[in-house]
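Reckoned from all heavy atoms, side chains included, excluding hydrogens, waters and symmetry mates. Numbering of ligands and ligand atoms starts at 1, following listing order.
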Amino acid sequence: MQRPENLDLKDYLDQQIAQVQQQVGTQQVLLALSGGVDSSVCASLLSRAIPGQLTCIFVDHGLMRLDEGDQVMAAFADKDLHFIRVNAQARFLDKLRGITSPEQKRKIIGEEFIRAFEEEASRLGDIAFLAQGTIYPDIVESGGSAGEGKVIKSHHNVGGLPEDLAFTGLVEPLAGLYKDEVRALGTLLGLPDYLVNRQPFPGPGLAVRVIGEVTVEKLDILRQADAIVRDELDKLDQRPDQYFAVLTNSQSVGVRDGLRAYGPVLAVRAVVTNDFMKAEYAHLSHDLLTRVATRITTEVPEVSRVVYDITSKPPGTVEWE
Ligand code: XMP
């Protein structure tokens with residue numbers, strides 16, 4: 001894939017629509033939609049290029065943030081595509097039971113994602129093409145080239161689709177774009193801001209932000225606290241580049257209604273960064289931190305204590321895992 005010198009997004013969109021129409025003809029296309037920027041923009045472009053010929057499988061692993069699964073569905077409700085949501089939380093949690101190692105969690109989620117996707121795809125009968133939201137940096141990094149059928153993009157970096165899926169060809173309409181251009185194209189295609197300008201979110205989702213074993217109860221606590229962190233920091237004029245909550249596996253003593261309480265410690269993480277390779281913790285005001293902590297301990301009574309992570313990267317990473 002060659003990038004034009006001065007890429008005009010409207011021209012790029014027109015060219016890709018024409019190219020996809022020519023490549024696919026009247027055949028069907030399948031896409032694994034994660035709700036991330038790349039797969040969402042890809043789905044939106046294809047629904048415009050080949051209305052009625054695209055099926056999107058959205059494997060909802062139940063590890064997303066508050067209301068996120070519904071938001072992804074809502075964003076595609078008016079698009080001309082066949083949207084399949086697989087509600088798979090139970091099977092993911094079942095596989096994650098008793099698992100505390102972050103690497104093992106990632107591996108299990110990656111494998112389970114492939115299984116859930118394949119099971120659903122096998123019910124659909126023959127589909128000629130697989131679409132992927134591969135973008136230009138993916139191709140540069142993997143040393144491959146789009147359309148050769150070799151580069152199967154890692155789905156959320158948690159595993160990648162198996163290479164033996166029986167497809168005639170790959171459709172990769174974003175392969176000439178950088179990330180900021182993909183976002184701009186998403187806006188051009190009418191996708192909502194919360195999908196187009198989302199912060200990075202790990203493919204294994206909240207499983208890497210619940211430290212230790214992942215359970216429904218812990219996910220619920222984290223989701224509520226995380227929604228408060230995002231709600232408060234969203235209001236800033238100058239927002240950090242990424243902010244979220246982490247449910248640590250430490251317990252601490254507190255006092256609630258005059259009685260001793262014992263509950264988990266919740267950490268707030270917010271970073272400022274250019275490239276996520278290095279990051280500085282965000283110097284949030286004490287007023288803001290107080291508001292966040294007060295809201296969390298009031299609205300999520302299970303949480304006994306809130307701490308703010310003041311570690312930069314390096315030596316810390318952004319995620320706690
Ligand atoms: P770390 O924790 O390594 O994270 O400092 C750097 C950035 O990468 C994000 N991250 C991921 N993004 N799939 C992704 O697409 C993943 O599996 C994944 N894990 C971490 C992290 O949120 C941060 O922005």
*E321 to ligand 1: N or O pair under 3.5 Å?*
no
*With backbone taken as N, CA, C and O and side chain as the heavy atoms from C-beta onward, which portion of P204 lies under 4.0 Å from ligand 1: side chain, backbone, both, or neither?*
side chain
*For ligand 1, which atoms have a heavy atom of G203 less than 4.0 angstrom away?*
13 (N), 16 (C), 17 (O)
*asked:* Under 4.0 Å, heavy-atom basis, I'd like to know which part of Q242 is in contact with ligand 1: side chain, backbone, both or neither.
replied: side chain
*Report, in ascending order of atom number, the atoms of ligand 1 lying under 4.0 Å from any heavy atom of K313.*
1 (P), 3 (O), 5 (O), 6 (C)
*Could you walk me through whether E172 and Q132 pass the side chain to side chain donor-acceptor pair (under 3.5 Å) check?*
CA-CA 5 Å; E172 297 182 308; Q132 298 200 117; 3.2 Å; yes
*Indicate, with yes or no, if the rings of Y136 and Y178 have centres closer together than 6.0 Å.*
yes
*Going by an N to O cut-off under 4.0 Å, is there a salt bridge joining R106 and E321?*
yes
_Counterpart residues, side-chain hydrogen bond (donor to acceptor under 3.5 Å, both in side chains), relative to D80 (two or more places apart)_ = none
*Under 4.0 Å from any heavy atom of P200, which atoms of ligand 1 are there?*
24 (O)
_Salt-bridge contact R115-E119 (side-chain N to carboxylate O under 4.0 Å)_ = no
_Residue R106 vicinity, atoms of ligand 1 by number, heavy atom under 4.0 Å_ = 16 (C), 17 (O), 18 (C), 19 (N), 20 (C)
_Y243: which residues meet the ring-ring contact (aromatic ring centres under 6.0 Å, His included) condition with it, sequence neighbours left out?_
none
